[in-house]
K.L.:
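My questions all concern the structure below.
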Amino acid sequence: MKHGVLVPSPPAPSGGRAAEQACLALLDASTSLHRLLQTTAFLLKSGLQSNPLVLTKFVAAASSLHALHLAHSLLFSPHVSTSLYDTFLFNTLIRSHAHSHLPLAADNCRAFSYFSSMLHAGLLPNKFTFPFLLKACSRLHNAGNVGFQVHASAIKFGFGANLFVQNSLIHFYSAAAGSPDSALKLFDRMPQSNPVTWSAMIGGYVRSGSSDKAVALFREMQSRAIPPDEVTIILSLAACADLGALELVRWLWSYVNRKNIPKVLSLCNAVLDALAKCGDIDGAMALFEQMPVRSIVSWTTVIDGLAMHSRGEEAIKLFELMKCAGIVPDSVAFISILTACAHAGMVNEGCHYFSSMTADFSIEPQIEHYGCMVDLFSRVGMLERGLDFVKKMPMEPSPMIWRMLIGACRVHGRLELGERIAKDLLDKDPMHHSNYVVLSNFYALKRQWDKKWETRRAMSEHGIRKVPGCSLVELDGEIYEFIAGDESHLHYMGVYEMLEEISLKIKLAGYVPVMEEVLLDIDEEDKEDALHWHSEKLAVAFVLLKTPPRTPIKIVKNLRVCADCHAAFKCISNVYDREIVVRDTNRFHRFKGGACSCKDFW
DNA sequence: TTAGGGTTAG
């Protein structure tokens, strides 16, 4: 211009600068669908339908109003030219789909097709494109395949080594695609990493049920002096909660205090949950009392913790206090309080809360709430009422609900009813291992060995295997695993001798083995032998052997404790003067002085 | 405009 050369100005966005500014202001103010529609009319009238800046803002506004379909129809209507669109616009579009909660058909990944359109329009992706794309794809059923394509694309466009992109990929493989091992391959090759990288790996392991590997990674992080941040701690706490690693939870909490890691609410909630799930419900309550700010998650976590520990009265007290504190219970909070009632056998209270849900809070009960009610009736032996409840459910009862009823039939000796439900369930859901196990157990209880073996045969024909019982104990910060009947463990040295001693001592104290639990057609003497092999018994013998007198014994088990172990532990707690705490699949049994905190309520 | 996160029936 200086020299009088006429520089061609870039093609002016249609509509002109003033209209553009006016439209942007209108979009800022479009806080309702109605206003957004008015803005759309203005936008079209001013000829701004190909202005990328305006359109980007439009997408963002539509996204926050859950009206992405409007953005789509505006952007891709036939009379709009895409030649002026830019990468930013497509990124926003992809990101909006990553964060939207639109129901998604398996084969319909809008975000991915936007990516294709973007390339088709001759636009290059940038470093923001791939994290957004991966997040959007993680919602797909066939996420693995699509993610692989995104990964290849990222490499092709030169973003394969970008830390943000790699972290997204780690998260994608380990969490969305459910394949932490593929994530690990990438992780091992990464030249650089940050706490986000490690968190993505740790979180992936927790999600896929490999909490032991998650803890191992956290330890590796420590040994390499990579400082974790609060998210890494939250995820490691979740792993500890899963494993029942109380010592590690306490260590993590002291680490947070030592290193001045910000005690954000979500971190405190994670500690509450981990303490409760590791057996220290009193510690969780104490921390809860100290928390300056509590969300509904904090309340729900503690109520759920109390439920696990059979402390129904306290759970109810807390639920009422929560309401007084002005917190409106949500659907999850009701699951917790109903669970608390079920675990403590509080039928009337449970019924009260179930009807209060709809009457006072307009929350429609979901299948989980019905599940709690069925559990509530079943546990106390009101099986007819439980069945009646199932029949009145407005939705199809889930296999889990049937299994609760079946479990109760077994505990309450309702063999015919239990067998009938178990048979129906197996017909409906022939791919679940426990459906075979429970049915074969009813046959065994009825001494119908042929039918029992027939069921087991059908199970193996389907290629389904029984999940072995497994118990974990934490000793000096190490986790020891015991698998039912497994002799391979080094620490078994002396464990079997210990079992013999225990067996002798508790029999003298009046313990009678519960033979029904073995459920094998072998002679009585062998049966009693087989009982010793339950993983929780091995674990108890191990801890009795390795720890000084009176040290409490804490066990985490992957299945329900069997009636025989339950009876034996009551006796052991008395004879050896030890507190034994067993965390079942979902609750705690605290054996002390010959009794259990569950009051024999299963 | 980038990445990782807390409560949920057995």
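Lettering of chains follows the sequences in order, A, B, ..., and the numbering in each one begins at 1. Nothing here was measured: the structure is a model prediction, and the numbers come from that model.
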K.L.:
Please determine whether any donor N or O and acceptor N or O are separated by less than 3.5 Å between the side chain of S266(A) and the base of dG6(B).
P.N.:
no
K.L.:
Which of these nucleotides, dT1(B), dG4(B), dT7(B), is closest to any side-chain atom of D229(A)?
P.N.:
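Looking only at side-chain atoms, D229(A) lies closest to dG4(B).
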K.L.:
Does S174(A) use its side chain to pair, donor to acceptor, with the backbone of A200(A) at less than 3.5 Å?
P.N.:
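Between the backbone of A200(A) and the side chain of S174(A) there is a qualifying donor-acceptor contact (under 3.5 Å).
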K.L.:
Between dT2(B) atom P and N162(A) atom CG, what is the distance in whole Å?
P.N.:
14 Å
K.L.:
When you check the phosphate oxygens OP1 and OP2 of dT8(B), does a side-chain N or O of H369(A) lie under 4.0 Å from one of them?
P.N.:
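For dT8(B), OP1/OP2 do not have a side-chain N/O of H369(A) under 4.0 Å.
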K.L.:
Would you mind listing every side chain to side chain donor-acceptor pair (under 3.5 Å) that reaches into residues 228-246 of chain A, with sequence neighbours excluded?
P.N.:
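Those involving residues 228-246 of chain A are S199(A)-T232(A), S211(A)-D242(A), D229(A)-T232(A).
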K.L.:
Output the rounded distance in Å from CH2 (W299(A)) to P (dG6(B)).
P.N.:
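Distance, rounded to whole Å: 22 Å.
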K.L.:
Can you find a side chain N or O atom of K277(A) that sits less than 4.0 Å from OP1 or OP2 on dT8(B)?
P.N.:
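Checking dT8(B) against K277(A), a side-chain N or O does come within under 4.0 Å of OP1 or OP2.
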K.L.:
Taking the minimum atom-to-atom distance to the side chain of A200(A), which one of dT2(B), dT7(B), dG4(B) wins?
P.N.:
dG4(B)
K.L.:
Return the value, rounded to whole Å, for the distance between atom CD of Q166(A) and atom C1' of dA3(B).
P.N.:
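Distance, rounded to whole Å: 11 Å.
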K.L.:
Do N194(A) and T197(A) have side-chain atoms, one donor and one acceptor, less than 3.5 Å apart?
P.N.:
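Side chains of N194(A) and T197(A): pair found under 3.5 Å.
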K.L.:
Is the aromatic ring centre of F132(A) closer than 5.5 Å to the centre of the six-membered base ring of dT1(B), with the two planes inclined by less than 30°?
P.N.:
no
